[in-house]
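Structure record follows, encoded as structure tokens.
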Amino acid sequence: MSHSFKTRVAPGARLSPRRQRGDTVMSGQQEAVLHGELVEYREGETVCEGYVTWGRREDRRRPCVLLAHAWDGLNAPIRAKAEEFAALGYVCFAVDVYGKGVRGGVADDNSRLMGPLMEDRALLRRRMVAGFEAALRHPLVDPERIVVIGYCFGGLCALDLARSAVPGLKAAVSFHGVLVPPRLGPQSSITARVLILHGWEDPTSSKEDVLAVARELTEAGADWQLHAHGHAMHAFTYPGLHNPEAGLQYHPDAARRTWAAMRAFLDEVFVGAERR
């Protein structure tokens with residue numbers, strides 16, 4: 001599959017150094033010196049615009065975190081999260097599954113944007129693969145060390161990329177992601193390692209969905225982990241979120257613990273890739 005690729009410099013969102021570890025943040029001040037670019041690439045006839053960021057201190061290939069956005073699209077919060085990963089030493093490539101200029105509101109109901117891709121999971125898979133291939137072409141990305149991470153709808157996107165069995169993907173991490181399978185026919189073997197970080201009270205995924213994804217990953221031969229956090233609802237990494245009636249609630253302990261679990265998981269994945 002062929003996709004065009006070009007970049008231009010753009011200002012990035014910034015992070016607060018006083019945040020709770022693992023929080024999904026909106027704005028603040030970034031301690032590391034980072035470079036950020038907007039990146040155009042194509043999926044079929046659709047032009048997508050991602051955001052890639054990395055630390056400027058070293059000009060060398062490094063591990064890549066492919067970051068999948070929530071239902072509002074590639075807005076300031078996900079760019080801020082991308083810079084948080086970049087500050088850890090990764091190249092972070094935030095993909096765009098909606099298309100250039102198609103963005104929702106952070107606090108809005110974005111069902112009109114997410115819905116068509118939930119109904120057409122084959123299209124969603126193609127959009128994720130296009131982003132993965134665009135990241136592969138970046139000169140600072142180590143093609144042997146790429147993982148995908150997503151939050152909420154992005155967690156589903158991350159799992160769908162793992163399900164695609166795209167060659168070269170090392171791992172997938174889902175933070176409070178939707179767990180519904182794509183139902184695109186027989187599932188190929190899943191070669192990427194999988195980490196699911198789930199709030200036990202998350203209304204977007206029933207207890208049956210949790211058991212179903214465990215069976216699915218087992219039958220696909222995946223190396224998988226599922227961490228369920230008691231009393232945590234959907235979007236538990238978002239500070240200030242307080243709408244328990246809708247199942248949306250910030251949970252600082254779950255945010256901190258899942259961030260630590262992800263860090264340990266990435267260390268294991270990338271060290272193993274280096275040894276091979």
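The chain is numbered in sequence order, starting from 1.
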So CG of Asp223 and CD of Glu268: to nearest 0.5 Å the spacing works out to 7.5 Å
Go through Trp224 and Phe265 one step at a time and tell me if the ring-ring contact (aromatic ring centres under 6.0 Å, His included) criterion holds.
CA-CA 11 Å; Trp224 66 272; Phe265 180 70; over 10 Å; no
Interatomic distance, Arg126 atom CZ to Glu133 atom CD [nearest 0.5 angstrom]
12.5 Å
Examine distances only and state if a side-chain atom of Arg56 and a backbone atom of Leu34 form a donor-acceptor pair shorter than 3.5 Å.
no
If hydrophobic clusters are built from ILVMFWY residues whose side chains come within less than 4.5 Å, do Ile196 and Leu124 share one?
no
Decide side-chain contact (heavy atoms from CB on, under 4.5 Å) for Gln187 and Glu219; before the verdict, give the C-alpha distance in whole Å, the side-chain angles of both, and the deciding distance to 0.1 Å.
CA-CA 9 Å; Gln187 176 61 57; Glu219 291 170 1; over 6 Å; no
Please give me the minimum heavy-atom distance between Cys157 and Met128, naming the atom from each residue.
CB-SD, 3.7 Å
Report the distance from atom CG of Leu197 to atom OG of Ser174, rounding to the nearest 0.5 Å.
7.0 Å
Could you tell me how the ring of His198 sits relative to the ring of Trp200: parallel (under 30°), tilted (30 to 60°) or perpendicular (over 60°)?
perpendicular
Distance check, rounded to the nearest 0.5 Å: Cys92 atom SG versus Ile78 atom CD1?
8.0 Å
Might you confirm whether atom NE2 of His227 has over 12 heavy atoms from other residues, nucleotides or ligands at distances under 6.0 Å?
yes
What orientation do His234 and His176 show, parallel under 30°, tilted 30 to 60°, or perpendicular over 60°?
perpendicular
Heavy-atom donor-acceptor pair, Asp267 side chain to Ala264 backbone, under 3.5 Å
no
side-chain contact (heavy atoms from CB on, under 4.5 Å) between Val97 and Phe153, worked out:
CA-CA 11 Å; Val97 300; Phe153 169 60; 3.9 Å; yes
Is the side chain of Glu49 donor-acceptor paired with the backbone N or O of Gly101 at a distance under 3.5 Å, no angle test?
no
Atom pair CZ (Phe85) and SG (Cys64), whose distance is rounded to the nearest 0.5 Å:
11.0 Å
State plainly whether one hydrophobic cluster holds both Val173 and Leu159, where clusters connect Ile, Leu, Val, Met, Phe, Trp and Tyr through side-chain heavy atoms under 4.5 angstrom apart.
no
Nearest heavy-atom pair of Ile149 and Leu266: which atoms, and what distance?
CD1-CD1, 4.1 Å
Side-chain heavy-atom pair Lys170, Ile146 within 4.5 angstrom cut-off
no
Do Leu136 and Leu169 sit in one hydrophobic cluster, given that two such residues count as connected whenever their side-chain heavy atoms are within less than 4.5 Å of each other, even indirectly?
yes
Non-hydrogen side-chain atoms of Leu66 and Leu161 separated by less than 4.5 Å:
yes
With the threshold set at 4.0 Å, does a side-chain nitrogen-carboxylate oxygen contact exist between Arg103 and Asp96?
yes
Quick one, Asn243 and Glu245 - any side-chain contact, counting heavy atoms below 4.5 Å?
yes
Ala82 versus Ala94, closest heavy-atom pair with distance
CB-CB, 4.5 Å
Atom pair CG (Leu123) and CZ (Arg127), whose distance is rounded to the nearest 0.5 Å:
4.5 Å
Are Arg163 and Ile190 side-chain neighbours, meaning at least one heavy-atom pair lies under 4.5 Å?
yes
Here the pair of heavy atoms bringing Ser205 nearest to Asp209 is CA-OD2, 3.5 Å
State, yes or no, whether a side-chain contact exists between Arg256 and Asp253 at a heavy-atom distance under 4.5 Å.
yes
Under 4.5 Å between side-chain heavy atoms, counting indirect links through other Ile/Leu/Val/Met/Phe/Trp/Tyr residues: same cluster for Val129 and Met118 or not?
yes
Does any part of the side chain of His229, heavy atoms only, come nearer than 4.5 Å to the side chain of Glu201, both counted from C-beta?
no
Which atom names give the shortest non-hydrogen contact between Val180 and Leu156, and what distance separates them?
O-CD1, 3.9 Å
Does the side chain of Thr237 reach to within under 4.5 Å of the side chain of Trp259, using non-hydrogen atoms?
no
Between His251 and Gln249, do the side chains contain an N or O donor and an N or O acceptor separated by less than 3.5 Å?
no
Among Phe93, Phe175, Tyr98, which residue meets the ring pair (Phe, Tyr, Trp, His ring centres under 6.0 Å) test with His69?
Tyr98
Would you call the rings of His138 and Trp54 parallel, tilted or perpendicular, taking 30° and 60° as the class edges?
perpendicular
Which pair of non-hydrogen atoms, one from Phe236 and one from Gly199, has the smallest distance, and what is that distance?
CE2-N, 3.6 Å
Taking the side chain as everything from C-beta on, heavy atoms only, tell me whether Glu216 gets closer than 4.5 Å to Val213.
yes
Hydrophobic cluster membership, with links at side-chain heavy-atom distances under 4.5 Å among I/L/V/M/F/W/Y: are Val95 and Val178 in one?
yes
Test your reading of the model: is there a side-chain donor-acceptor pair from Asp108 to the backbone of Asn110, 3.5 Å cut-off?
no
